[in-house]
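Below: one structure, written as structure tokens.
Model, not experiment: these values are computed from the prediction.
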Amino acid sequence: MNPEDYVSYPIALALKKHGFDWKCDHYWYKVYANSDEMSMRQASADDFNNDDWDVPHCSAPTLSQAQKWLREEWGIHINVCIYSDYSTDADGKVCDRWDFWGFDLYAVSGGKQIEDGDGEYDSYEQALSAGIAAALELIEKKVTMFASD
């Protein structure tokens, strides 16, 4: 297991809040009853968001599972890309070049871009995780907006 391939605990909670119920082979659980420390554990594939345990816990999907769930259930596609940028000296010569990862969010229906991710990330996984968090923030705004009607 590579922890960077799984969603963080805060993202897992947001996924749970918005209906994520796919089977996962890992779950987040509270390490000690008197602590806020959470840890991830491997188990047989199951939906850990909808069971009756007494211990605080939730499913820990992979980044890929969360990305697919957002696409299939909410119609939000997360596009992760690598970008390059550079700086030049006074003569216009490139003196520094760097690569970074970023994301954009698109509506599955119609392909319209719905958010331009503005961060620069060191890895694909970091950019995808940020994209998942951004998609969940959009869902939260949408749910809140319709709940107030």
Side-chain angles (χ1 to χ4, degrees), residues 1-87 97-149:
M1 172 190 84
N2 188 351
E4 73 179 19
D5 292 333
Y6 290 83
V7 301
S8 66
Y9 179 64
I11 290 176
L13 284 179
L15 287 163
K16 178 178 181 176
K17 179 179 180 179
H18 294 295
F20 182 87
D21 61 356
W22 289 10
K23 290 184 176 186
C24 297
D25 61 4
H26 284 76
Y27 64 93
W28 287 102
Y29 70 99
K30 195 169 191 173
V31 176
Y32 301 106
N34 59 352
S35 166
D36 290 333
E37 183 182 354
M38 300 298 289
S39 186
M40 197 177 356
R41 179 175 285 165
Q42 186 172 4
S44 299
D46 203 351
D47 170 16
F48 297 100
N49 285 336
N50 296 305
D51 54 31
D52 58 359
W53 291 5
D54 292 333
V55 179
H57 67 285
C58 65
S59 295
T62 63
L63 293 169
S64 177
Q65 278 180 299
Q67 180 184 33
K68 185 174 182 179
W69 180 81
L70 287 163
R71 187 173 56 250
E72 292 183 3
E73 301 296 326
W74 287 91
I76 300 172
H77 171 66
I78 303 164
N79 187 45
V80 178
C81 293
I82 191 154
Y83 300 96
S84 293
D85 206 349
Y86 60 89
S87 57
R97 180 177 179 274
W98 62 95
D99 298 322
F100 60 93
W101 293 91
F103 73 88
D104 298 310
L105 302 180
Y106 290 88
V108 170
S109 178
K112 179 183 175 189
Q113 185 175 1
I114 54 179
E115 184 163 321
D116 182 15
D118 59 359
E120 295 183 11
Y121 303 93
D122 293 331
S123 71
Y124 177 91
E125 292 79 14
Q126 289 174 353
L128 180 52
S129 183
I132 292 167
L136 289 165
E137 287 175 20
L138 286 176
I139 291 168
E140 182 65 28
K141 287 178 188 174
K142 180 179 178 181
V143 169
T144 304
M145 180 177 68
F146 288 117
S148 64
D149 287 344

Measure the [atom1]-[atom2] distance between [X] and [Y] for me, rounded to the nearest 0.5 Å.
X: H77; Y: E72; atom1: NE2; atom2: CD; result: 12.5 Å
X: L15; Y: K17; atom1: CG; atom2: NZ; result: 12.0 Å
X: K16; Y: Y9; atom1: NZ; atom2: OH; result: 7.5 Å
X: I132; Y: I78; atom1: CD1; atom2: CD1; result: 5.0 Å
X: L136; Y: I11; atom1: CG; atom2: CD1; result: 7.0 Å
X: S123; Y: I82; atom1: OG; atom2: CD1; result: 10.0 Å

Handout entry: Aromatic plane relationship, F103 with Y121 - under 30° parallel, 30 to 60° tilted, over 60° perpendicular
Key =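 Y121 and F103: tilted rings.
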
Exercise for the section: Give the ring-plane orientation class for Y6 versus H26, where under 30° counts as parallel, over 60° as perpendicular and anything between as tilted. Expected result: tilted

Exercise for the section: Please confirm whether the backbone N or O of S59 pairs with a side-chain atom of W22, one donor and one acceptor, at under 3.5 Å? Expected result: no

Practice task
Report yes or no: does E125 contribute a side-chain atom to a donor-acceptor pair with the main-chain N or O of P3 at less than 3.5 Å?
Solution key: no

Looking only at heavy atoms, what is the nearest atom pair of [X] and [Y], with distance?
X: G111; Y: Y106; answer: O-CD2, 3.3 Å
X: W98; Y: S87; answer: CZ3-N, 3.8 Å
X: Q65; Y: F20; answer: O-CE1, 4.5 Å
X: D21; Y: W69; answer: N-NE1, 4.4 Å
X: S84; Y: F100; answer: C-CE2, 4.3 Å

Handout entry: I139 side chain near I76 side chain, heavy-atom distance below 4.5 Å
Key = yes

Problem - H18 and E73, any side-chain heavy atoms less than 4.5 Å apart - result: no

Problem - Ionic contact status for R97 with D99, cut-off 4.0 Å - result: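 Between R97 and D99 there is a salt bridge, with a charged N closer than 4.0 Å to a carboxylate O.
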
Handout entry: D118 CG: over 12 foreign heavy atoms closer than 6.0 Å
Key =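 It does not: D118 CG has 12 such atoms or fewer within range.
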
